[in-house]
K.L.:
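The structure follows.
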Amino acid sequence: MSTKKFAWLAMLLSILLIAAACTPADEATNVDAATKDGAKKGGGLVLATTAAPTLFNPYYSTDTSSSTIEGFIFSGLVTVDGDFNPEGDLAESWEFSDDGLRWTFNLRDNVKWHDGEPFTADDVVFSYNIPLSEDYVGPRGLPFEIIEEINKIDDYTVEFVLSEPYAPFITITAQFEVLPEHILGDVPIADLGKHPFNTKEPIGTGPFKFKEWREGEYILLDRNDDYYLGAPKLDSITYKIVPDTNTAMAQLQVGEINLAGISPEYTEMAEDLAAKGKIELSSGPSNAFEYIGYNLRNELFQDKKVRQALTHAIDKEAIIEAILGGAGTVANGPGSPANWAFNPDMPEFEFDPEKAKAMLKEAGWEPGPDGILQKDGKKFEFALKTTSANEIRQQIAEVAQQQWAEIGVKVSIELLEWSAYVEQTSPPNWNFDAIVAGWSIGSDPDPTWFWHSSEIENGLNYNGYSNPKVDELLSENTQISDLDERKRIIAEADAIVAEDQPNTFIYYVEGYLAKSPNLHGPEYNSANTYYKLHEWYID
C-alpha cells in the first residue's frame, strides 16, 4: 500500500465520516414518511470516527468528537452560519450598549429540555456562572473572565455586564451551550466535571436526544420531536467508533456512507466516485492547522534557537506531497487561510538540515560518541506522542523521527489510544515532551486560547508558551471592535509566535466533503459543518 493510503484525523478537528444506515438496534428508518408540510423526512445518519468522545459537557471537554455530539444535544444563546456570522439560537435577539459592556439577550419562550421541563433564564445564569466559580477547574474559563454580572431580568431576558469590551463575546462566549439548572443546579462545581450527567444522562435542548452510549462501539441519538425550530426530519444520529478510516472509505465506495469528510490521501478515490455520479464532492480551506508541538516546560525546548533548528530539519513539502498527496498548504505559523485574520507574511524556517545542525551547535549541542547530540552530559532525546487513531499523524511522526535523527536528535514515538492521549496531553497533566497534533481555530480567530500565558495552567496553552509582548497584543485584540485593527494586532502576535516556534507548523488543512445525491442539506463550509441540521433529510 502506498504512503498515500494512511488515515487522517485532526486531534481537536476529527474527520467525521457520516453514513446512512439503520441504528445499532437495527431499527428501520422510514425515508418515505412525509411531514405536515409535504417534505420527506427520515433516515438515520451514522457518523463514524476513529476518535471516541470522552464526555458531553462543553465546559469540560476538549476533543472534537465530544464537541460534535454536544452540538447535537445542547444549544447555545447563538450559533454561527456558514460565514461565521452570529445567528440566534436559544436567544431570539440581543442588543448591546455603545461601550460594549452591557449585553441583553431576549430568549425564546417555547423551548423545552429533553425531559419536558421548560427552558428559562435561570438555566443561562446557572450555566454561564460555571466557569466563574472559584471551584471551576475546566479548560474553558477564558471567554468568561470578562463577565462581572449575569442578571436575570425576567424568565426570558438575561443581561450580561462585562468588565471591558470583548470582541469575541457574541461569537465565542454566547455560543457556549446551556446546561439544565433543574438537574445540575445543586451539584458542587468542583464535582461537575466528573458528574454522571456528562456520560450517562446528558439532557439538552438541541435537535437530538441522547439515548445510549455503548463504550467503544457507538453513541445513539434520537430525534427531538419538541425541538423549538421544528422536529428534525432525520430520525436519528448514530456516532459510530470505527477502527480506521480505510473501513469507512470502503463503505463510501460501496455506497453505504452518504456523507463523509474526506481525508486528503483519499481525494483521488473520491474524485473518481464523483466522476461516476455516486457522490458530490466539494472542498475549501478548513479553519485549522497541523503541527508538532513542543512542551516548553521541558528544558530541552526552552531555547528558541533549538526550536527553530528542529523546524529547519523538517521537510514540510515532502510531508504534504508524500502523505497528503499534495492536499495541503505549507504552514509557517498559526492561523488559517479560512478566516479573516490570517497573516500570510510570517517568518519562514525552510528545510535546511545543515543550518539546523549549525544552530544546534551554537546552542551548545555537540555530537556524542554515538552520534546523538549532547550538552552538559545530557543527550538530546525525547518522546513524540500522537494518537493511534490517526495514521497520518503516525506517518508525520515517523518522518520527523527520521529527519531529526539525521541531525543527531533521538526521538521515540509513543502511540496512545485516543482517550488516553487526550487525558495525558490535556490540562492539568501536560504529560508529553512533544506531540503531533492539530487545532481548529473556532468561530472567532482570537488566538488568546493558544498563546496567552494565563492559559498555561488550566487553559489550552498546551505548549506552556509565554511572551510578554504576545500577552499584551492578545489582551488588546479582544477589546477592539474594528476588524481591520484587530487583524493587524492578531497578525503581529502571530508573527511573533511564528518567530518563537513553540510549534513546528506543518500545514494548513484543506477540507473535502463528499455527499450522496439523495442527502439534502449539508454543504461544505469551514464555519459550521452541521448548520441547520434539523432540516437535513434523506430522499
Side-chain angles (χ1 to χ4, degrees), residues 289-320 330-335 343-385 396-413 430 432-437 450-451 453 456 461-473 491-507:
F289 58 86
E290 294 283 305
Y291 65 94
I292 297 173
Y294 308 110
N295 191 339
L296 274 58
R297 303 166 185 86
N298 185 328
E299 62 180 12
L300 280 178
F301 306 115
Q302 290 173 359
D303 186 338
K304 176 173 69 174
K305 186 174 293 185
V306 168
R307 301 192 300 270
Q308 293 173 344
L310 291 173
T311 297
H312 275 302
I314 300 296
D315 191 343
K316 302 176 187 178
E317 290 278 8
I319 288 174
I320 293 171
V330 166
N332 294 310
N343 177 14
D345 185 22
M346 286 184 277
E348 298 182 18
F349 300 92
E350 70 284 354
F351 178 54
D352 190 339
E354 294 306 314
K355 187 171 184 177
K357 292 178 184 178
M359 293 179 71
L360 288 169
K361 185 173 183 178
E362 290 174 16
W365 292 92
E366 297 282 353
D370 55 2
I372 300 173
L373 296 178
Q374 60 182 18
K375 179 181 179 181
D376 300 328
K378 181 176 181 179
K379 291 184 177 183
F380 202 140
E381 56 183 347
F382 62 90
L384 181 60
K385 288 185 179 181
I396 292 173
E398 290 168 4
V399 170
Q401 180 188 48
Q402 178 183 349
Q403 294 186 334
W404 281 331
E406 293 173 2
I407 63 169
V409 175
K410 183 179 180 181
V411 174
S412 60
I413 297 174
W430 308 127
F432 67 94
D433 298 325
I435 54 175
V436 184
F450 316 132
W451 312 123
S453 58
I456 291 175
N461 186 341
Y462 281 69
N463 305 81
Y465 171 78
S466 179
N467 183 306
K469 181 60 176 176
V470 172
D471 282 356
E472 177 186 332
L473 290 167
E492 184 178 351
D494 282 351
I496 295 172
V497 172
E499 175 68 23
D500 287 344
Q501 286 290 287
N503 294 334
T504 291
F505 300 94
I506 303 176
Y507 62 88

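Heavy atoms only: backbone and side chains are in, while hydrogens, waters and symmetry mates are out.
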K.L.:
Taking W430 for the side chain and G464 for the main chain, is one N or O donor matched with an acceptor at less than 3.5 Å?
P.N.:
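Judged by distance alone, no pair lies under 3.5 Å.
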K.L.:
If you compare all heavy atoms of S466 against all heavy atoms of S453, which two are closest, and at what distance to 0.1 Å?
P.N.:
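Looks like OG-CB, 3.6 Å.
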K.L.:
Please enumerate all residues that pass salt bridge (Lys or Arg N to Asp or Glu O under 4.0 Å) together with E472, with sequence neighbours excluded.
P.N.:
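Salt bridge (Lys or Arg N to Asp or Glu O under 4.0 Å) list for E472, sorted by chain: K469.
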K.L.:
Are any non-hydrogen side-chain atoms of N467 and V497 less than 4.5 angstrom apart?
P.N.:
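Counting from C-beta outward, N467 and V497 never come under 4.5 Å.
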K.L.:
So for atom CG, which belongs to D345, do other residues, nucleotides or ligands contribute more than 12 heavy atoms lying within a distance under 6.0 Å?
P.N.:
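No, not enclosed.
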K.L.:
Rounded to the nearest 0.5 Å, what separates atom CG in N332 from atom CD1 in I506?
P.N.:
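Reported to 0.5 Å precision, the distance equals 12.0 Å.
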K.L.:
Might you work through the side-chain contact (heavy atoms from CB on, under 4.5 Å) test for Q403 and D315, ending with a clear yes or no?
P.N.:
CA-CA 8 Å; Q403 294 186 334; D315 191 343; 3.4 Å; yes
K.L.:
Can you list everything that forms a ring pair (Phe, Tyr, Trp, His ring centres under 6.0 Å) with F382? Sequence neighbours excluded, please.
P.N.:
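Counting only residues at least two positions away or on another chain, F382 forms a ring pair (Phe, Tyr, Trp, His ring centres under 6.0 Å) with F301, W404.
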K.L.:
State whether a side-chain donor-acceptor pair under 3.5 Å links D494 with N343.
P.N.:
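No pair is found: no donor N or O on one side chain lies under 3.5 Å from an acceptor on the other.
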K.L.:
With the threshold set at 4.0 Å, does a side-chain nitrogen-carboxylate oxygen contact exist between K378 and E299?
P.N.:
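Yes, charged N to carboxylate O under 4.0 Å.
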K.L.:
Do the ring centers of F289 and F505 come within less than 6.0 Å of each other?
P.N.:
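Yes, the ring centres sit under 6.0 Å apart.
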K.L.:
Do you know which two heavy atoms are closest between N463 and P502, and how far apart they sit?
P.N.:
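The pair with the smallest heavy-atom distance is ND2-O, 3.0 Å.
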K.L.:
Is there a side-chain contact between P367 and L373, using heavy atoms and a 4.5 Å cut-off?
P.N.:
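Side-chain contact under 4.5 Å: yes.
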K.L.:
How many angstroms lie between atom CG of L473 and atom CD1 of I496, to the nearest 0.5 angstrom?
P.N.:
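If I round to the nearest 0.5 Å, the distance is 5.0 Å.
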K.L.:
Is the closest side-chain heavy-atom distance between L384 and V436 below 4.5 Å?
P.N.:
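Yes. Closest side-chain heavy atoms under 4.5 Å.
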K.L.:
Restricting to non-hydrogen atoms, name the atom on S412 and the atom on Q401 that form the minimum distance, rounded to 0.1 Å.
P.N.:
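Closest approach of S412 to Q401: CA-NE2, 4.1 Å.
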K.L.:
Mind listing the closest non-hydrogen atom pair of K316 and V330 along with its distance?
P.N.:
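Looks like CD-CG1, 3.9 Å.
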K.L.:
Going by side chain to side chain contact (heavy atoms under 4.5 Å, CB included), name the residues that satisfy it together with E354, two or more places apart in sequence or in a different chain.
P.N.:
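Listed in chain order: D352, K357.
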K.L.:
Flag the pair P347 / Q501 as yes when at least one side-chain heavy-atom distance between them is below 4.5 Å, and no otherwise.
P.N.:
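SC-SC contact between P347 and Q501 ruled out.
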K.L.:
Do I314 and F351 touch side chain to side chain, with heavy atoms closer than 4.5 Å?
P.N.:
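In short, these two side chains do not touch, never coming nearer than 4.5 Å.
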K.L.:
With sequence neighbours excluded, give me every side-chain hydrogen bond (donor to acceptor under 3.5 Å, both in side chains) pair touching residues 358-372.
P.N.:
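Listed once each, the pairs are K305-E362, D370-K379.
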K.L.:
Minimum heavy-atom separation for K375 and A363, please, with both atom names.
P.N.:
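Heavy atoms only, the tightest pair is NZ-O, 2.9 Å.
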K.L.:
For the NZ atom on K410, are there more than 12 heavy atoms of other groups (residues, nucleotides or ligands in this structure) within a distance under 6.0 Å?
P.N.:
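No, NZ of K410 has 12 or fewer neighbouring heavy atoms, counting only those of other groups under 6.0 Å.
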K.L.:
How close do M359 and A309 get, heavy atom to heavy atom, and via which atoms?
P.N.:
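Nearest heavy atoms, M359 then A309: CB-CB, 3.9 Å.
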K.L.:
Less than 4.5 Å apart, any side-chain heavy atom of V411 and any of E381?
P.N.:
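Not touching, per the 4.5 Å side-chain cut-off.
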K.L.:
Checking R297 against I456 for the side-chain contact (heavy atoms from CB on, under 4.5 Å) test, could you report, in this order, the C-alpha distance in whole Å, the side-chain angles of both residues, the deciding distance, and whether it holds?
P.N.:
CA-CA 10 Å; R297 303 166 185 86; I456 291 175; 3.8 Å; yes
K.L.:
Rounded to the nearest 0.5 Å, how far does CZ of R307 lie from CZ of F349?
P.N.:
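F349 atom CZ to R307 atom CZ measures 10.0 Å (nearest 0.5 Å).
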K.L.:
Verify whether one side chain among T504 and Y294 offers a donor that lies under 3.5 Å from an acceptor in the other.
P.N.:
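Yes, a side-chain donor-acceptor pair sits under 3.5 Å.
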K.L.:
Return the CG to CD distance between D303 and Q308, rounded to the nearest 0.5 Å.
P.N.:
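The CD atom of Q308 is 8.5 Å from CG of D303, to the nearest 0.5 Å.
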K.L.:
Supply the atom-to-atom distance F450 CZ to Y465 OH, rounded to the nearest 0.5 angstrom.
P.N.:
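That separation rounds to 14.0 Å.
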K.L.:
Less than 4.5 Å apart, any side-chain heavy atom of N295 and any of D433?
P.N.:
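The answer is no, as the side chains (C-beta and beyond) never meet within the 4.5 Å cut-off.
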K.L.:
Please name all residues satisfying salt bridge (Lys or Arg N to Asp or Glu O under 4.0 Å) with D500, sequence neighbours left out, ordered by chain then number.
P.N.:
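Per chain and number, D500 pairs via salt bridge (Lys or Arg N to Asp or Glu O under 4.0 Å) with K304.
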K.L.:
To the closest 0.5 Å, what do you measure between CG (L360) and CD1 (I407)?
P.N.:
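Rounded to the nearest 0.5 Å, the CG-CD1 separation comes out at 5.0 Å.
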K.L.:
The criterion is side chain to side chain contact (heavy atoms under 4.5 Å, CB included); which residues satisfy it with E406, sequence neighbours excluded?
P.N.:
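With sequence neighbours excluded, E406 shows a side chain to side chain contact (heavy atoms under 4.5 Å, CB included) to Q402, given in chain and number order.
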